[in-house]
Amino acid sequence: MKKGSWIFAESNCPKQGALRPPNTSDSMILFVDVDLKEVSLLGKKYPWRKPAMCPCCLQSHVWGHGFCGTFFEGFFNAILLRRFRCPACGCVMKCRPKSHFKRIQTAIKTIRSCLSGRIETGRWPGSPERGRYWLRALKRQTLARLGLSWRNRPLEAFDRLCGLGIVPVSRSL
């Protein structure tokens, strides 16, 4: 996928004609192919690509809606990620790097390599506390979503859950 391109995920868009209370915003996550180092260096000057249209109502005029500071592993300060807003339906779209799961600060490759190291060698490479958390969550997601037949294949289960669009190291089902 081309650098700067985005895909839609995590939609809570309003239904056409649905009534909703005032002062509530529906949000969506846009997973964008970006380099976090470049985004952190350029800050607000990073050239974010604006979506061509709102994925909720297909309105073609999407506006910039400021920035949101987000923390990621390996960076001391919050990185400013771009937000967009649709004036027609009020949907707020937040950009997030494709290299990370939603609500998790560590890159997907780092999580998988940490779990792989533990499974292959029996020792944790790096932080054992977070690794234990990820492994417990992976086991829980595997049993709940894939069944007992996947219990002895955790790395395959990790890849399969990722392919299904499920965060394999999330504790929420």
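Values in this document were obtained by computation on a predicted structure and should not be read as measured data. Every heavy atom of this structure was used, including side-chain atoms; hydrogens, water molecules and symmetry mates were not.
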Distance in Å, [X] [atom1] paired with [Y] [atom2], rounded so as to fall on 0.5 Å steps:
X      : Y      : atom1 : atom2 : answer
Leu115 : Glu120 : CG    : CD    : 11.0 Å
Met28  : Arg83  : CE    : CZ    : 15.0 Å
His61  : Cys54  : NE2   : SG    : 12.5 Å
Leu146 : Glu156 : CG    : CD    : 10.5 Å
Ile79  : Leu42  : CD1   : CG    : 11.5 Å
Leu143 : Ser149 : CG    : OG    : 10.0 Å

Heavy atoms, side chains only, cut-off 4.5 Å: are [X] and [Y] in contact?
X      : Y      : value
Arg49  : Val32  : no
Lys94  : Cys68  : no
Gln105 : Arg130 : no
Val34  : Leu81  : no
Leu30  : Arg82  : no
Arg160 : Thr142 : no

Provide the full list of ring-ring contact (aromatic ring centres under 6.0 Å, His included) pairs with a residue in residues 114-154, sequence neighbours left out, each pair given once. none

So which atom in [X] and which in [Y] form the shortest heavy-atom distance, rounded to 0.1 Å?
X      : Y      : answer
Phe31  : Pro97  : CD2-O, 3.7 Å
Met53  : Leu58  : SD-CD2, 3.7 Å
Leu138 : Pro154 : CD2-O, 3.6 Å

Please identify which of these residues, Phe75, Phe71, Phe72, meets the ring-ring contact (aromatic ring centres under 6.0 Å, His included) condition with His100. Phe72

Is there a path of hydrophobic side-chain contacts, each under 4.5 Å between heavy atoms, that joins [X] and [Y]?
X      : Y      : result
Leu36  : Trp48  : yes
Leu173 : Leu164 : no
Ile104 : Ile166 : yes

Could you check whether any side-chain N or O of [X] sits under 3.5 Å from a backbone N or O of [Y], counting only pairs where one atom can act as donor and the other as acceptor?
X      : Y      : answer
Lys44  : Leu80  : no
Arg118 : Pro125 : no
Thr121 : Gly117 : yes
Arg96  : Phe101 : yes
Gln141 : Ser172 : yes

Worked verdict on Phe84 versus Cys95 for side chain to side chain contact (heavy atoms under 4.5 Å, CB included): CA-CA 8 Å; Phe84 298 98; Cys95 292; 3.7 Å; yes

Decide side chain to side chain contact (heavy atoms under 4.5 Å, CB included) for Cys86 and Cys56; before the verdict, give the C-alpha distance in whole Å, the side-chain angles of both, and the deciding distance to 0.1 Å. CA-CA 9 Å; Cys86 175; Cys56 297; over 6 Å; no

Any chance you could lay out the side chain to side chain contact (heavy atoms under 4.5 Å, CB included) test for Phe67 and Tyr46, step after step, and finish with the verdict? CA-CA 11 Å; Phe67 296 87; Tyr46 184 81; over 6 Å; no

